[in-house]
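Would you mind keeping the following structure in view while I ask a few things?
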Amino acid sequence: MWTDAKNGNNSATDYKYRSATVDLSSGNITIEDKTCEDLEDFLGGIGRIFKILSHHDVSDPYAPSSPLVMELGCFSGTNLMTGLRTFFGGYSPLKSTLAGAPSAMYSAGSGKFGTKVACAGIDEIIFTGRSEKPVTLVIKSDTLGGPPSLELVDASPLLGQDSHEKMMALADEYDDAHFAVIGPPGENFETNRMASIVLSTENQLKTRECKPRFCGRGGFGGVMGSKNLIAIVAQAPDDKTAVTNVVKEANKIISRGAGSKNYRDAYKADGGGGTWRNIAGLHPMGCLPERNFWAPGNDDAVQLYRGSFEEPYVIKDESCFKCGIACHKNIYDRPEGETAEGRKAKKGKFRVKFDYEPLDLITANCGVYDAEESLELVELGDRMGYDAISLGATISYAMEWNERNPDKPVLDDIRFGDAKKMEDLIRKAAAGECEELAQGTMRLAQQCGDLSFAMQGKGLEYPAYLPETNPGYPWALAGGHMSMRTFLLLILDGQQTDIDYWENAILNGIYYTRDDLIGTCKFAGAPNENIVDSLNDMFGVSLTEEDVNQAIRRSYLRGRLLEKKVGYTDEEYDVPSQVYERVNENVKMPSFITREFMDELKKRTEANWDRLTEEEGIALPA
């Protein structure tokens, strides 16, 4: 973004951003400089995505007319630490009403791809149409900030390769560039609804090891594949401008402050060890999803604690571009005779990166606890380019269904703990040969005729937090751990069960999407004060925290109206009925979510959203 204003006291509407429209059917590419109409345009990310989607009616997310929108946030590609995010949005093939109407949502990913896009001088790309042949979009600029050139080139040589293989092939062809690609599930979109868009990282390209990041949620890899768009290349010089004192202070707090503590390793200001810590944290309380979100109350999951991997393997904390948090917990084989641990240890062959969500949902949640099987399953999901959350939750539903209904098996009668069959099914699904799995949990449950233990909401699989601990799930726009900060509150905030508490928690939970506008990582935990100071310092504006909160609120409310527009019923804003019908005695938390509780919570929450929508004057185009 840039401004032509010279007075040094800018407003958000003084700024412009560069938007490209790529019509893949005709091959026409147009670039337009747009003026920010409001603070949502200025902050970017989902602020712009939901505005664009409000102008589209989509009945088939894979239709050529269905848009795929790529956005950056205002901090994407800047000197603010973790300002690396890229956002893809559209109408999801996975998130939909029970009647099958696709819903608007978005997915966010880090890595260095977004930085290179920003350095090339692009803020937004809107993809429409479908190319007759597989293509790659190449974005190039010889100078920092553009002007960029955009070109569609043949992508046929990339077909059939996994996501990492595509990255390496592109890296061999394009120097000093970064990439967004789809894996085989995206190519075989007709039978896949949970394909992700995979983003390259600096570490991945330097080591040539499979260390990407993902825009995983919602199946947008399939939307990209439906347009016959296989990859996007961004090639531009890096921004080497000096970091201001205000941004330096924000970066210091991000890298060593309280907000990122849980994602750092212990040697970095007493860090908590990354998201992997949740396995050991939730398991003793019976709150770790196992065997399709049903804690068995045994010690099997101890095998998946980080401590159980420290001796047989080497674990290194590694980072995204210019990030001091180093949240990546990358696992290597331990060389023979090596006795040191962590950053002091020599490392052998790289295996995979463990994050809590894919680790739990594709292993313990499917009854798999063996270390080697876990490494292989997570790596397979990464290389194929699947959303591991949706993949694991769908497989675990099938496992429980088969246990309950042995005379009517699905997915080759897969059972808990069968890692080998899981691998076979994942490969078949990625190749387009197992739609039963790749359709996702809701559709599989509809096929089976029992949604009661399908761990999904509005068609999107739950992240690795038990629904009986989170009544805020129904109001998440893009996944319960990314767009509604009510997960873990029962555990971390004094086991509150009062309905007034949860009403307020949901109202405040939407501000967790701040980073999904501005382009920073949620793991940064940057205080609002530092974010606002950095905005004002970097862009010469005079924003307040309430200004930013209002833009967040308006974006959420616009996304909610898009949900209502496609026909979600009140009954679909709910948790799985198993929560009301069965109590797991192994869960060492209060059991408080009853139908009566949820009915009242729903009544209050929907009234709050209606009131705020009217107060903010939010409406969709006629």
Polar side-chain atom of E600 near backbone of F597 as donor-acceptor pair, under 3.5 Å: no

Which atoms form the tightest heavy-atom contact between E435 and E190, and what is the distance? OE2-O, 4.1 Å

For D370 and Q303, does a side-chain donor sit closer than 3.5 Å to a side-chain acceptor?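 No, no side-chain donor-acceptor contact under 3.5 Å.
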
Less than 4.0 Å between a side-chain N and a carboxylate O, is that true for R514 and D516? no

side-chain contact (heavy atoms from CB on, under 4.5 Å), that's the test. Do D407 and N405 meet it? Break it down for me. CA-CA 5 Å; D407 56 330; N405 301 274; 4.2 Å; yes

For a quick test of reading the model, state the closest non-hydrogen atom pair linking C448 to V410 and the distance between them. SG-CG1, 3.8 Å

Would you indicate whether the side-chain heavy atoms of S110 and F214 approach each other to under 4.5 Å?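 No - every pair of side-chain heavy atoms lies 4.5 Å or more apart.
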
Has R48 got its NZ or CZ under 6.0 Å from the middle of the six-membered ring of F50, at an angle within 45 degrees of the ring axis? no

L282 side chain near L488 side chain, heavy-atom distance below 4.5 Å: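 L282 reaches L488 side chain to side chain.
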
Which atom of C287 lies closest to which atom of V587, heavy atoms considered: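 Here C287 and V587 meet closest at SG-CG1, 4.1 Å.
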
Is it possible for you to check whether K564 lies under 6.0 Å from the centre of the six-membered ring of Y573, through NZ or CZ, and within 45° of that ring's axis? yes

I'd like to know if the side chain of N365 and the backbone of D360 have a donor-acceptor N/O pair within less than 3.5 Å.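 Not confirmed, N365 side chain does not pair with D360 backbone.
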
Is the side chain of N192 donor-acceptor paired with the backbone N or O of G186 at a distance under 3.5 Å, no angle test?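 Looks like no, no N/O pair under 3.5 Å.
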
Below 30° counts as parallel, above 60° as perpendicular, anything between as tilted: where do the rings of Y556 and W609 land? tilted

G440 backbone acceptor or donor facing R193 side chain under 3.5 Å: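 Checked: no pair found.
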
Would you call E563-K95 a salt bridge at under 4.0 Å N-O?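 Yes, E563 and K95 are salt-bridged.
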
Give me the atom names and distance for the closest heavy-atom approach of P61 to P102. CD-CG, 3.8 Å

Salt-bridge test for D355 and R213: reply yes if a basic N is under 4.0 Å from a carboxylate O, no otherwise.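 So D355 pairs with R213 through a salt bridge.
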
Note: D515-R85 ion pair, threshold 4.0 Å (strictly below): no

Do any N or O atoms from the side chain of R217 and from the backbone of A478 form a donor-acceptor pair under 3.5 angstrom? no

Could you pull out every donor-acceptor pair under 3.5 Å between side chains of residues 491-499 and any protein atom, sequence neighbours left out?
residue, atom, partner, partner atom, Å
D493, OD2, Y501, OH, 2.6
D498, OD2, D500, N, 2.9
D498, OD2, Y501, N, 3.4

Is the count of non-hydrogen atoms from other residues, nucleotides or ligands lying under 6.0 Å from E614 atom CD greater than 12?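 Result for CD/E614: open.
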
Counting only N and O atoms by type, is there a donor-acceptor contact under 3.5 Å from the side chain of Y386 to the main-chain atoms of G392? no

Taking atom types as modelled, find out whether D547 and T544 have a side-chain donor-acceptor pair closer than 3.5 angstrom. yes

Expected output: side-chain W401 to main-chain A445 donor-acceptor under 3.5 Å: no

Could you give me the CA-CA distance, side-chain angles and deciding distance for K261 and D270, then say whether salt bridge (charged side-chain N to carboxylate O under 4.0 Å, His left out) is met? CA-CA 7 Å; K261 177 178 179 178; D270 197 29; 3.7 Å; yes

Apply side-chain contact (heavy atoms from CB on, under 4.5 Å) to N528 and V548, showing your working. CA-CA 9 Å; N528 286 333; V548 175; over 6 Å; no

Would the distance check show the side chain of K353 and the main-chain N or O of V378 forming a donor-acceptor pair, the cut-off being under 3.5 Å?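 Checked: no pair found.
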
Proximity of Y106 and F220 rings by center, below 6.0 Å: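 Aromatic pair excluded; centres sit 6.0 Å or further apart.
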
Residue pair T275 / F523: nearest heavy atoms and the distance that separates them: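 Scanning both residues completely, I find the closest heavy atoms to be CG2-CZ, 3.5 Å.
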
Quick test of your reading of the model: are D413 and K421 salt-bridged, counting only N-O distances below 4.0 Å? no

4.5 Å side-chain heavy-atom contact, L377 and V368: yes

Count the heavy atoms belonging to other residues, nucleotides or ligands that lie under 6.0 Å from NZ of K428, then report whether that count exceeds 12.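 No, not enclosed.
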
Regarding R582 and the six-membered ring of F453, is the cationic atom NZ or CZ under 6.0 Å from the ring centre and inside 45° of its axis? no

Ignoring hydrogens and angles, tell me if any N or O in the side chain of S396 forms a donor-acceptor pair with the backbone of A393 under 3.5 Å.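 Confirmed, S396 side chain pairs with A393 backbone.
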
Using side-chain heavy atoms (C-beta onward) and a distance below 4.5 Å, is M399 in contact with C366? yes

Would you mind reporting whether F42 and L543 have side-chain heavy atoms less than 4.5 Å apart? yes

Side chains of Q439 and Q447: is there a donor and an acceptor less than 3.5 Å apart? yes

Salt-bridge criterion met for D610 and R560 (N-O under 4.0 Å):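 Counted as a salt bridge, because a side-chain N and a carboxylate O are separated by less than 4.0 Å.
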
Is the distance between the ring centroids of Y465 and Y356 less than 6.0 Å?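 Between Y356 and Y465, which both carry aromatic rings, the centre distance is below 6.0 Å.
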
salt_bridge(D41, K51) N-O dist < 4.0 Å: yes

Are the side chains of I395 and L361 in contact, using a 4.5 Å heavy-atom criterion?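 No. Closest side-chain heavy atoms not under 4.5 Å.
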
Could you tell me if the side chain of I506 sits less than 4.5 Å from the side chain of N508, heavy atoms only?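 Result no, sub-4.5 Å side-chain heavy-atom pair not found.
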
Side chains of S196 and D387: any donor to acceptor distance under 3.5 Å? no

Donor-acceptor side-chain pairing of T441 and T394 below 3.5 angstrom: yes

In terms of side-chain heavy atoms, does Y397 have a donor or acceptor partner in E461 at a distance below 3.5 Å? no

Report yes if the side chains of I46 and E71 come closer than 4.5 Å at any heavy-atom pair, otherwise no. no

List the steps and the verdict of salt bridge (charged side-chain N to carboxylate O under 4.0 Å, His left out) for E572 and K458. CA-CA 6 Å; E572 290 175 87; K458 296 180 290 189; over 6 Å; no

May I ask you to check whether H283 and Y305 place their ring centres under 6.0 Å from each other? yes

What verdict does the salt bridge (charged side-chain N to carboxylate O under 4.0 Å, His left out) test give for E403 and R415, after you've listed the backbone C-alpha separation in whole Å, the side-chain angles of each residue and the deciding distance to 0.1 Å? CA-CA 7 Å; E403 200 170 74; R415 299 301 179 102; 5.8 Å; no

In sequence, state the C-alpha distance, the side-chain angles, and the governing distance for R553 and E546, and then conclude on salt bridge (charged side-chain N to carboxylate O under 4.0 Å, His left out). CA-CA 10 Å; R553 194 161 55 242; E546 177 50 33; 2.9 Å; yes

How far apart are the closest heavy atoms of A551 and L517, and which atoms are they? O-CD2, 4.1 Å

Parallel, tilted or perpendicular, as decided by the 30° and 60° cut-offs, for the rings of W502 and F592: parallel

Short side-chain to backbone donor-acceptor contact, N530 and A526, under 3.5 Å: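 A pair under 3.5 Å: no.
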
Steps toward side-chain contact (heavy atoms from CB on, under 4.5 Å) verdict (R554, L39): CA-CA 10 Å; R554 289 172 60 86; L39 193 53; over 6 Å; no

As an exercise, state the distance from CD of Q456 to OG of S390, rounded to the nearest 0.5 Å.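 Here the rounded value is 10.0 Å.
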
Does S76 form a side-chain contact (heavy atoms from CB on, under 4.5 Å) with L84? I'd like the steps, not just the answer. CA-CA 5 Å; S76 297; L84 303 168; over 6 Å; no

So that I can tick it off, tell me whether R595 and E581 are bridged by a salt bridge, with the cut-off set at under 4.0 angstrom between side-chain N and carboxylate O.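 Looking at E581 and R595, the cut-off is met.
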
